[in-house]
Amino acid sequence: MTAAARSRHTGGATITGTGMALPSRVVTNADMEKIVDTTDAWITQRTGIRQRYIAENGTTASVLATDATRQALGNAKLEPGELDLLICATMTPDMICPATACQIVANLGATPCGAMDVNLACSGFVAALNMAANFVASGFYKNVAVVGAEQLSSIMDWTDRSTCILFGDGAAAAIVSATDDAEQGCLYQSIHSDGTRWQELYCPRNAADVPEGAVFSGTANTLQMNGREVYKFAVTTLQKTIKQAMDACNLTVDDVKVVIPHQSNARIIGSAREKLAFDEDKIYLNLDRYGNTSAASVGLCLHELNEAGRLERGDKVIFVALGGGLTWASSVWQL
Ligand code: UT7
């Protein structure tokens with residue numbers, strides 16, 4: 001049956017399964033000391049990161065994403081053929097064309113499921129989750145897979161200590177499905193951008209793409225970041241975006257089960273936590289183990305919380321992320 005032929009539903013949307021996948025190689029801060037002029041103490045104190053996973057031997061974004069989505073489907077007790085749409089959030093697609101999502105659908109044996117990539121850098125998973133909620137709410141799509149997948153190691157300048165210590169590879173997926181319970185689903189969502197500041201976090205194809213005055217390590221096709229400017233943007237935007245989401249739903253800190261933020265820097269997340277007066281266990285952190293995995297990070301948190309049995313029906317959860325573009329996105333879900 002095609003998606004368009006399905007009967008429309010007036011219920012809600014719910015996250016029925018989650019999954020994650022990591023490459024096998026762990027790179028600790030001590031390992032990073034052998035690659036660039038840095039120390040475990042500097043990385044830990046400035047970022048909270050202790051290790052990251054780095055892909056080897058052709059472990060591309062689509063490979064990781066396929067494993068993560070397969071696990072999420074199993075978790076949701078769905079067959080690949082029951083998927084109507086797969087949205088892959090990535091800024092490191094295997095190729096420019098086809099979309100990585102098409103490769104994932106083929107790997108899963110889910111053809112002719114719809115497939116599309118979205119690139120909002122680190123905001124990708126939250127934006128894709130928002131889109132999935134909207135697709136399901138339209139009534140035309142019953143089961144939508146969201147997967148954030150990155151092989152950031154493929155766009156690292158491994159001589160640039162200001163970026164290469166931060167990022168890691170990985171993938172995480174969630175299945176968003178229609179439910180008869182209209183109370184369940186996305187209560188609020190936002191997606192924003194400020195493209196006037198794109199040069200603060202970008203990946204130039206060649207040196208000619210580099211605007212005057214922008215940070216540039218000298219190597220094209222690698223991630224460039226003005227860390228201090230992105231830090232300032234992140235500190236203000238993160239807490240403002242969480243506050244907006246809470247206000248939109250009339251939520252107090254006590255009403256929120258957990259905030260799942262993009263894992264960029266423990267200091268950035270800690271600052272938002274303090275300003276909004278959330279207890280430590282209410283803003284999830286796992287970047288000590290994975291580093292910044294861009295579009296995968298929020299999904300990795302979601303899967304860990306789900307696996308740990310920390311999410312229950314009726315819980316209100318806030319998703320929030322920001323990153324290159326510059327972009328930022330959020331949503332409030334009632335599980
Ligand atoms: O996911 C997308 C969003 N991204 C982010 O949110 C990242 C935002 N930015 C950050 O998290 C932080 O800016 C960084 C972690 C990237 C950098 O931390 P910082 O406290 O802002 O450091 P800084 O860039 O101001 O650099 C301080 C010093 C500099 O030395 P001088 O000029 O003071 O002598 C850097 O050269 O630290 C030096 N430095 C390092 N030292 C050891 C920079 N990178 C390293 C390093 N190891 N890896």
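Whatever order the structure lists ligands and atoms in, that order sets their numbers, starting from 1. Keep in mind that what you see is a predicted model, and the values were worked out from it rather than measured.
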For the 3.5 Å polar cut-off, considering only N or O atoms, please tell me whether [X] and ligand 1 meet it.
X	answer
Thr47	no
Leu201	no
Thr39	no

For residues Val259 and Leu300: do they belong to one hydrophobic cluster (side chain heavy atoms under 4.5 Å, members Ile, Leu, Val, Met, Phe, Trp, Tyr)?
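Looking at the clustering, Leu300 is in a separate group from Val259.
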If we check side-chain contact (heavy atoms from CB on, under 4.5 Å) with Ser153, which of these qualifies: Thr92, Ile54, Thr59?
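For Ser153, the side-chain contact (heavy atoms from CB on, under 4.5 Å) check succeeds only for Ile54.
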Report, in ascending order of atom number, the atoms of ligand 1 lying under 4.0 Å from any heavy atom of [X].
X	value
Ser264	1 (O), 5 (C), 6 (O)
Arg228	13 (O), 21 (O), 23 (P), 24 (O), 25 (O), 26 (O), 27 (C)
Asn265	10 (C), 11 (O), 15 (C)
Val230	3 (C), 4 (N), 5 (C), 6 (O), 8 (C)
His262	1 (O), 2 (C)
Asn292	1 (O), 2 (C)
Arg46	19 (P), 20 (O), 22 (O), 27 (C)

Nearest heavy atom to atom 13 (O) of ligand 1 wins, so pick from Ser123, Ala41, Gly227.
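Ranked by closest heavy atom to atom 13 (O) of ligand 1, first place is Gly227.
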One thing to verify: whether Lys316 and Asp255 come together as a salt bridge, which I'm taking to mean a side-chain N less than 4.0 angstrom from a carboxylate O.
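The answer is no: the pair does not qualify as a salt bridge.
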Is Lys232 paired with Glu200 through a side-chain N to carboxylate O contact shorter than 4.0 Å?
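A salt bridge is absent here (no side-chain N lies under 4.0 Å from a carboxylate O).
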Between Ser264 and Asn292, a side-chain donor and acceptor under 3.5 Å:
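No, because no side-chain N or O of Ser264 sits under 3.5 Å from a partner of the opposite role on Asn292.
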Mutual orientation of the aromatic rings belonging to Tyr290 and Tyr53 [parallel < 30°, tilted 30-60°, perpendicular > 60°]
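Correct class here is tilted.
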